[in-house]
Amino acid sequence: MRRAVEFLFTRLIRSRLGIALVIAVLVLGVIGTARLVAGPDDLRAGLSSRPREPITTVDPEEGDDGVIATPSPESPRTRPGELTPEQTATRFTTAWLGGSTTTAEQWQAALRPMSTPELTEKLTGADPAGVPAVKIAGAPTLRPRTAVFAEVLVPLEGGRLRLELVAPDGHWLVDAVDWERE
């Protein structure tokens, strides 16, 4: 009888199920031992290595060392005799909205003098009938970013046209167009 029990036990230990049971007992033993050894504060914190107090890298008596105010962006630079970003945006928007009465070629030709070559290429094949607005509804709002990059928001009936303009040489051109519905 004893040999039969030893045989079954040895066979069980060597099987996959036996190995899994041995591993489970070991894991539970380690966790149980850790809980017994740990103090009450350690049990609340779990087995984390997280500090109990906040880590400070600045003397709290020194005050705030952050940025006091965000510097205002540079005013856009325009070459003498050239259009300002707002004027360029208004002319571009007028040409962009006027596409419903012209052919696609005429519409793109009207936009070309106020567009960067990259935008002109993106608009190739665009259908002016797909322009979702018909009329400007207010004055454009300038958001200067740098001396040679600005964003202009033009309110339209039913939405807003967001134009990104660049002027590396003082001559403002529209580089990106985005339509935002209301």
Side-chain angles (χ1 to χ4, degrees), residues 27 44-182:
V27 168
R44 266 187 257 122
L47 298 176
S48 169
S49 61
R50 179 178 59 202
R52 290 186 180 96
E53 299 294 323
I55 299 173
T56 58
T57 57
V58 179
D59 183 4
E61 304 300 318
E62 287 296 316
D64 186 10
D65 65 342
V67 176
I68 293 173
T70 305
S72 59
E74 277 185 72
S75 296
R77 282 192 310 240
T78 303
R79 205 168 39 190
E82 296 287 341
L83 298 175
T84 65
E86 297 96 324
Q87 293 169 329
T88 302
T90 301
R91 287 193 181 176
F92 181 89
T93 303
T94 302
W96 190 69
L97 294 173
S100 61
T101 59
T102 62
T103 66
E105 292 78 24
Q106 292 170 329
W107 179 67
Q108 290 170 4
L111 295 174
R112 194 170 294 118
M114 296 165 283
S115 305
T116 61
E118 293 80 13
L119 180 60
T120 300
E121 186 178 324
K122 288 178 186 175
L123 291 175
T124 301
D127 184 8
V131 173
V134 282
K135 187 168 134 180
I136 296 176
T141 304
L142 176 68
R143 290 183 177 169
R145 301 296 187 219
T146 67
V148 294
F149 176 68
E151 181 180 58
V152 178
L153 302 173
V154 182
L156 303 175
E157 288 183 346
R160 171 170 77 168
L161 194 63
R162 188 180 66 79
L163 304 173
E164 291 180 2
L165 289 90
V166 294
D169 61 351
H171 174 74
W172 289 96
L173 296 172
V174 177
D175 189 48
V177 179
D178 187 25
W179 166 253
E180 301 169 353
R181 292 195 186 277
E182 287 185 344

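Worth saying up front: this structure is predicted, and the values here are computed from it rather than measured. The analysis underlying the following values was restricted to heavy atoms, covering all of them including side chains, and did not include hydrogens, waters or symmetry mates.
Atom CZ of Arg162 is surrounded by more than 12 heavy atoms from other residues, nucleotides or ligands within 6.0 Å. For Glu121, the CD atom is loosely surrounded, since the number of other residues' heavy atoms within 6.0 Å does not exceed 12.
Residues Trp107 and Gly98 share a closest heavy-atom pair of CD1-C, 4.5 Å. The two atoms that bring Leu142 and Pro85 nearest to each other are CD1-CB, 3.9 Å, heavy atoms only. Nearest heavy-atom pair across Pro155 and Ala139 is CD-O, 3.4 Å. Residues Ala104 and Ala126 approach most closely at CB-O, 4.0 Å, considering heavy atoms.
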* May I have the step-by-step check of side chain to side chain contact (heavy atoms under 4.5 Å, CB included) for Leu161 and Val177, ending in yes or no? => CA-CA 7 Å; Leu161 194 63; Val177 179; 3.6 Å; yes
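Here the rule is side chain to side chain contact (heavy atoms under 4.5 Å, CB included) with Trp96, and of Leu156, Val174, Val154 only Leu156 fits it. Partner Thr93 forms a side chain to side chain contact (heavy atoms under 4.5 Å, CB included) with one of Val152, Thr88, Leu163 and no other, that one being Leu163.
A distance of 12.0 Å separates CD in Gln106 from CG in Leu111, rounded to the nearest 0.5 Å. Atoms CZ and CG, from Arg145 and Leu165 in turn, are 12.0 Å apart once rounded to the nearest 0.5 Å.
Within the structure, the side chain to side chain donor-acceptor pair (under 3.5 Å) test picks out the following pairs touching residues 166-176 (sequence neighbours left out): Thr78-Trp172, Glu82-His171, Thr116-Asp175.
Checked by atom type and distance alone, the side chain of Gln108 pairs as donor or acceptor with a backbone atom of Leu123 at under 3.5 Å. Side chain of Gln87 to main chain of Thr84: a donor-acceptor pair is present (N/O by atom type, distance under 3.5 Å, no hydrogens or angles). No side-chain donor-acceptor contact under 3.5 Å links Trp179 to the backbone of Arg160.
Looking at heavy atoms from C-beta onward, Leu83 lies out of side-chain contact with Phe92 at the 4.5 angstrom threshold. Side-chain contact between Leu173 and Ser115: absent, with no pair of heavy atoms (C-beta onward) separated by less than 4.5 Å.
For the salt bridge (charged side-chain N to carboxylate O under 4.0 Å, His left out) test, no residue two or more places apart in sequence or in another chain qualifies with Glu86.
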